[in-house]
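As structure tokens, the structure follows; a few thoughts come after it.
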Amino acid sequence: MSDGDQCDVAIVGGGVIGCAAARALTPAYDVTLFERDALASGATARAAGEITMTPSYTDVPSIAEHAMAFFREYDGTTSFEFTELDSLELVPPSVKETARRRVDRLSSEGFDVSFLEPDDVERQYPRFDLESYAGAVRHVDTGFLDPYTLATSLAADAEADGARLQTRTPVDDLVVEDGQVVGVETATGTVYADHVVVAAGWHTPTLLGDHLELPVRPYRTQVVVLEPDEPMAESFPMGWIPGEHIYFRPESNGDLLVGGWSFAEDDPVGASTDADGEFVEHVADLVPSFLRTFDEAGLSGDWAGIDAATPDTKPIVDAPANAPDGLVVATGFHGRGVMTAPVAAALVRALITGEDAPFPTRPFELDRFDDRSRDFEFVSISDGSDSH
Ligand SMILES: Cc1cc2nc3c(=O)[nH]c(=O)nc-3n(C[C@H](O)[C@H](O)[C@H](O)COP(=O)(O)OP(=O)(O)OC[C@H]3O[C@@H](n4cnc5c(N)ncnc54)[C@H](O)[C@@H]3O)c2cc1C
């Protein structure tokens with residue numbers, strides 16, 4: 001686009017959230033998406049692809065249901081695939097009773113969760129060796145996908161419906177007149193828009209610095225892929241161990257992906273894109289303690305990436321009252337952006353059309369935070385027991 005061009009909605013950021021929003025808004029709106037680099041080149045490209053919405057949103061099940069319905073329906077369109085797989089949360093002896101009480105509560109609320117004794121787990125999945133554990137909580141309604149394929153498929157759908165995807169085009173600032181956002185400033189000039197959606201991941205608070213304060217800060221999280229002595233079966237479950245701050249899932253080639261160890265990051269630009277040696281060692285020591293045939297496992301890959309954190313680990317998807325009119329923000333996906341993308345896209349659309357979202361929106365509103373400071377204590381989602 002050139003200086004002075006006009007669209008209905010400008011989207012800043014071509015990660016999974018910007019791409020999902022573009023698809024949700026087209027063809028009803030004339031959309032231009034600006035990505036400073038390549039599509040899906042930020043946190044999205046580094047994600048593990050775990051979908052654990054149901055355990056992550058036990059307080060508002062309709063949010064998880066919306067995401068799961070989308071992934072099931074989208075599975076098989078284009079080259080996108082969604083693999084459904086149960087998850088096991090391994091339970092150390094010290095928290096067995098708490099875990100059992102949680103299972104009873106969730107079951108009474110209608111969730112399909114169950115407590116499995118170690119023998120039950122080992123009978124069903126002989127790779128597990130649960131000598132050091134008191135059992136596992138089984139969650140259904142979980143699975144995995146390839147985040148890059150998801151984002152680029154969503155973007156391709158949006159483009160087919162008329163969206164312009166402007167890659168290698170950073171947005172430098174919003175253009176605001178009389179309290180109303182009227183466009184974005186790019187290196188090639190101003191592009192006017194009735195609405196601007198900022199979905200720029202951890203860059204969002206910096207980009208919006210002059211316009212809106214957001215309690216969002218960067219954090220770094222890591223992944224290691226192990227090649228076991230014998231490949232993992234396709235039916236092997238996903239899982240997580242809250243006390244160890246790790247989660248795991250089988251890869252389609254029989255490897256085991258292990259992620260976790262997330263920490264606030266003060267230098268997101270300079271931070272290493274490899275996993276820390278300490279994390280690799282932790283995984284190499286820990287995995288053979290609960291899975292058989294990993295004593296001689298090889299390391300087939302490792303990486304780290306930066307995502308955006310909020311104080312309560314839930315994202316901010318809102319058109320905040322004290323922001324310029326016409327501005328929608330979608331950031332702070334805190335380790336769950338891939339799985340939350342269908343929800344964020346539906347909410348961005350609702351904020352622009354003025355229609356009701358198909359689920360409660362309170363968990364995503366900015367004014368749930370009294371304090372907007374970025375100096376909050378980072379909480380890792382692997383520390384909780386409701387999801388990885
Ligand atoms: C190692 C790792 C594992 C993860 N595992 C999972 C998982 O299993 N499941 C899950 O759901 N989530 C997972 N996540 C989290 C998930 O990747 C993120 O929450 C999600 O990708 C966020 O998407 P986004 O679009 O908000 O941000 P991003 O993907 O970071 O996209 C933001 C985009 O905005 C662009 N941008 C920034 N500033 C500008 C500007 N000024 N102008 C134009 N463009 C700009 C960036 O280049 C970037 O492409 C993981 C993350 C990491 C790092």
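Along the sequence shown, the residues carry numbers beginning at 1. When a ligand or atom number is given, it counts from 1 through the structure's own listing order.
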Any N/O pair Ala330/ligand 1 closer than 3.5 Å: no

Note: ligand 1 atoms sitting under 4.0 Å from heavy atoms of Ile17 are 23 (O), 24 (P), 25 (O), 26 (O)

Nearest 0.5 angstrom please: Arg36 CZ to Thr167 OG1, how far? 13.5 Å

Assess whether atom CG of Asn253 is packed by more than 12 heavy atoms of other residues, nucleotides or ligands within 6.0 Å. yes

Does an N or O anywhere in Ala48 fall below 3.5 Å from an N or O of ligand 1? yes

Are any of the N/O atoms on Met339, whether in the backbone or the side chain, positioned under 3.5 angstrom from an N/O atom of ligand 1? yes

Which atoms from ligand 1 have a heavy atom of Val12 less than 4.0 Å away? 40 (C), 42 (N), 43 (C)

Heavy-atom count around Glu81 CD within 6.0 Å, excluding the residue itself: above 12? no

Taking N or O atoms only and a 3.5 Å limit, does Val338 qualify as a polar contact for ligand 1? yes

What atoms in ligand 1 come closer than 4.0 Å to a heavy atom of Phe333? 19 (O), 26 (O)

Within ligand 1, which atoms have a heavy atom of Val171 less than 4.0 Å away? 40 (C), 41 (N), 42 (N), 43 (C)

Could you tell me whether some N/O pair between His203 and ligand 1 is separated by less than 3.5 angstrom? no

If you compare Gly335, Pro315, Gly201 by their heavy atoms, the one closest to atom 12 (N) of ligand 1 turns out to be Gly335

When Leu25 is tested against each of Asp8, Ile11, Leu33 for side chain to side chain contact (heavy atoms under 4.5 Å, CB included), which residue passes? Ile11

Which pair of heavy atoms, one from Thr77 and one from Glu73, lies closest together, and at what distance? CG2-O, 4.1 Å

For Glu50, counting its heavy atoms only, list the atoms of ligand 1 lying under 4.0 Å from any of them. 7 (C), 8 (O), 9 (N), 10 (C), 11 (O)

Those atoms of ligand 1 less than 4.0 Å from some heavy atom in Tyr247: 3 (C), 5 (N)

Only one of Tyr57, Trp240, Phe115 passes ring-ring contact (aromatic ring centres under 6.0 Å, His included) with His139, and that residue is Trp240

Could you tell me which atoms of ligand 1, counted from 1 in the order shown, lie closer than 4.0 angstrom to a heavy atom of Gly49? 7 (C), 8 (O)

Candidates Phe236, Tyr133, Phe294 - the one meeting ring-ring contact (aromatic ring centres under 6.0 Å, His included) with Phe128: Phe236

Could you tell me whether the side chain of Arg23 reaches within less than 4.5 Å of the side chain of Asp161, counting heavy atoms only? no

I'd like to check which ligand 1 atoms, numbered from 1 as shown, lie under 4.0 Å from a non-hydrogen atom of Val223. 1 (C)

For Ala199, state whether at least one heavy atom is located under 4.0 Å from any atom of ligand 1. yes

Run the numbers on Asp229 and Thr293 for side-chain hydrogen bond (donor to acceptor under 3.5 Å, both in side chains), then give the verdict. CA-CA 6 Å; Asp229 310 350; Thr293 78; 5.2 Å; no

Checking heavy-atom distances from atom 38 (N) of ligand 1 to each of Arg336, Met238, Arg36, the winner is Arg36

Distance, nearest 0.5 Å, that separates CG of Leu145 from CD of Glu84: 11.0 Å

In this structure, does ligand 1 have an atom that sits under 4.0 Å from one of the heavy atoms of Thr331? no

For Ala40 and ligand 1, does the shortest N/O to N/O distance drop below 3.5 Å? no

For atom 15 (C) of ligand 1, tell me which residue out of Asp307, Thr340, Ile381 has the closest non-hydrogen atom. Asp307

Using a plain distance cutoff, I'd like to know if Trp303 has any nitrogen or oxygen under 3.5 Å from a nitrogen or oxygen of ligand 1. no

ring-ring contact (aromatic ring centres under 6.0 Å, His included) evaluation trace for His334 with Phe378: CA-CA 10 Å; His334 207 125; Phe378 170 76; 5.3 Å; yes

To the closest 0.5 Å, what do you measure between CZ (Phe82) and CZ (Phe144)? 9.5 Å

